[in-house]
Amino acid sequence: MRTGFTALKKVKINSDANMDIVEAQEIKGTFTKKKNKKQKKQPTPPLTRSDDSMVKETETEHVDMLGESAFPPEFRVSEIKNKQRRHLMFMKLKLEKRKQRMAMKKKKKKERDALGDKAPPKNVPKTIENQRIYDETTVNPEDEEVAFDEGTDEFSAYFNRLTHPKVLITTSDRPRGRTVRFCRQLATVIPDAHVYYRKGLALKKIIPQCVARGFTYLMVINEDRKVPNGMVLCHLPDGPTAHFKVSSVRLRKEMKRRGKDPTEHSPEVILNNFTTRLGHSIGRLFAALFPHDPQFVGRQVATFHNQRDFIFFRFHRYIFKNEQRVGIQELGPRFTLKLRSLQKGTFDSKFGEYEWILKRHENDVCRRRFNL
Amino acid sequence: MADKSQICSVWVGSETGILKGVSLSKKQAFNFCEFSCLSRDQEVCVLGWGDPQETEVLVGSVNGTVKTFSTEKGIFTETRQCGESTQGRFTGLAVTDSALITCVETGLLRVWKEGSETVEINAGKNVSRMRQNPSQCNQVATGGKENGLKVWDLERPETPIFTSKNVRNDWLDLRVPEWVRDMAFIPNSDKIVTCTGLHQVRVYDPASPQRRPVLESEFGEYPLTALSLPANKDSVVVGNTQGQLAILDLRKGLVRGCLKGLAGGVRGLQCHPSLPLVASCGLDRFLRVHSLEDRTLQHTHTAHLNPSTQTITWEASHTVVFSES
């Protein structure tokens, strides 16, 4: 390579007439890069158009140096067969475009400043959340049917303060360390939660026993390859069963700048962005996990934030520094959930009726349609 | 109210007792309910047409009442108490010559005639569905969990005229459980097609000497909850608890195609009597109308409330009635 480079240097002094000889001498394509670069700096007389890409490059370089940034219309970067040269040309093209864009931006900013108050409002950039297709099942707060439905559904006992939540947390059979630690941390986050070892028992047999002992929720964390990856949340007397995919589990040890362990106080619950009818059901499912009255003394808050059908769980402790400013510390585990199915009745995957199932290929059709 | 009910072509009953009429041409739905007092007690179990002209919809609720809704007037005109809620939910509703036939889950099939005594038939325990033969109005079929298909003639209430036999033991020599979820009489013949909770579709022929199914085919892995026969013969539309709808061919028992769109368990399914359309209603709270020829979704409408079983009825200007359960 070294020798090639020095050879190039010699070539540099030659005129363009010797370019062909130089090309013949090239053994490796890598040298052309250097050559091109060197040629860029030399002003070359405009050559007639030919298929020689090198010639084209010089021509366009010349055009560049004339101050125009338009490439001749027949020229397309993708037609250059040589990968190195093509890459270089593409980089140049991108640089050009970026320069143009920056120039436009500057111009616009100047105009805006010049107009001052009379400037037109800024355009809001399009995001997938902005472009979300309006869902017909979005719940209207004044809808009586939905209000009646929610007043008499399986969660009405909780929302009318007739029952208190009591959660049983278990795992799939023979859990590994990470899942066990996750379950224990979940039990500290949810008040009145009990962790039990699965022992290979069938869920359909556990459920009547839980109901007899007064549990209102059964939470089963499924594990795959030593990592928790699924959750079945079953509301007990005869309530709906939700099956979630769990991802991005971060245990307390892995969290940066975390606070001390959570206390026994009941946290506040924040449910963000559960707008559709299905979202409402899931929101109520999460709300019924926690006791009705949060103990504000504890200053703890559990957040279930829904965005693009993913539900993010975070657990924080907050402190008001003054009226306007709050400091928060993240405690506790964090994880992401995605709803896979909601089944009416207690856990019965074979014969149960499903209220909603995630059908992936039907959802893949449109990127802007979400269900929760 | 009257004008709203007159343009509705599909009727759906919900779990809170509201009868919804959907007008496909106007793409609107209207709620019709009594006293504006909703309760889970009034959950609609069955829907049926009260008369051949399709001017009256019969609504059977959990608390044992059968209400008559007049489509011309747009109000509930009559209420009859046909049993108590302790006897189980209604699983079938039919009308013959001014008599009302009801069947409940515990197997009690009753014919209510004005004035005279009610004829009672015990159809076994755990009856899931009761259907009437559209061509011979005094024949009804019942079936349920561990209760095979039985065809009854109402004039001879002692014994069924046809009792089906369970299929042979499977390859492990174990008895195959049976759970008939829905059935339909194939027009212009004696045959009955049933769908089971063990994802089987079976055709029985009372005219043939064998009591076992003449044709058996399977679809999917989940219980089939609803069934309907389209206008053209030789096919049947079934739906299962996962929201998969399929059209099966009855000549060989093969799946002809699937209808997409439903995300929740199918609760009600009904084909239009003459057009190749099928209305389906599921736990995902949507009413969908598919075209059977090209299997595309023609119309979607939020039903807003969970439909209960057996709750769709079509009505067309040519008096198309779809009662779905």
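Below, read A as the first sequence line, B as the second, and so on, with proteins coming before strands; counting in each chain starts at 1.
With values rounded to the nearest 0.5 angstrom, A/Ser156 atom OG is found 14.5 Å from A/Arg161 atom CZ.
Proximity to chain B (any heavy atom under 4.5 Å) is restricted, for A/Ser349, to the backbone atoms N, CA, C and O.
In terms of heavy-atom pairs under 4.5 angstrom with chain B, the leader among A/Trp356, A/Phe351, A/Phe148 is A/Phe148. Across B/Ala263, B/Gly265, B/Gly197, the residue that shares the most heavy-atom pairs under 4.5 angstrom with chain A is B/Ala263.
Side chain of B/Asp182 to main chain of B/Leu227: a donor-acceptor pair is present (N/O by atom type, distance under 3.5 Å, no hydrogens or angles).
For the ring-ring contact (aromatic ring centres under 6.0 Å, His included) with A/Phe286, the lone residue among A/Tyr217, A/Phe155, A/Phe304 that qualifies is A/Phe304.
A/Lys245 NZ: 12 or fewer foreign heavy atoms inside a 6.0 Å radius.
Centroid-to-centroid, the aromatic rings of A/Phe182 and A/Phe335 come within less than 6.0 Å.
With respect to B/Glu221 and A/Lys350, no salt bridge is recorded, no charged nitrogen being found less than 4.0 Å from a carboxylate O.
Cation-pi geometry between A/Arg213 and A/Phe215 is not satisfied (NZ or CZ under 6.0 Å from the ring centre, within 45° of the ring normal).
Inspection of non-hydrogen atoms places A/Glu362 of residues 361-372 of chain A under 4.5 Å from chain B.
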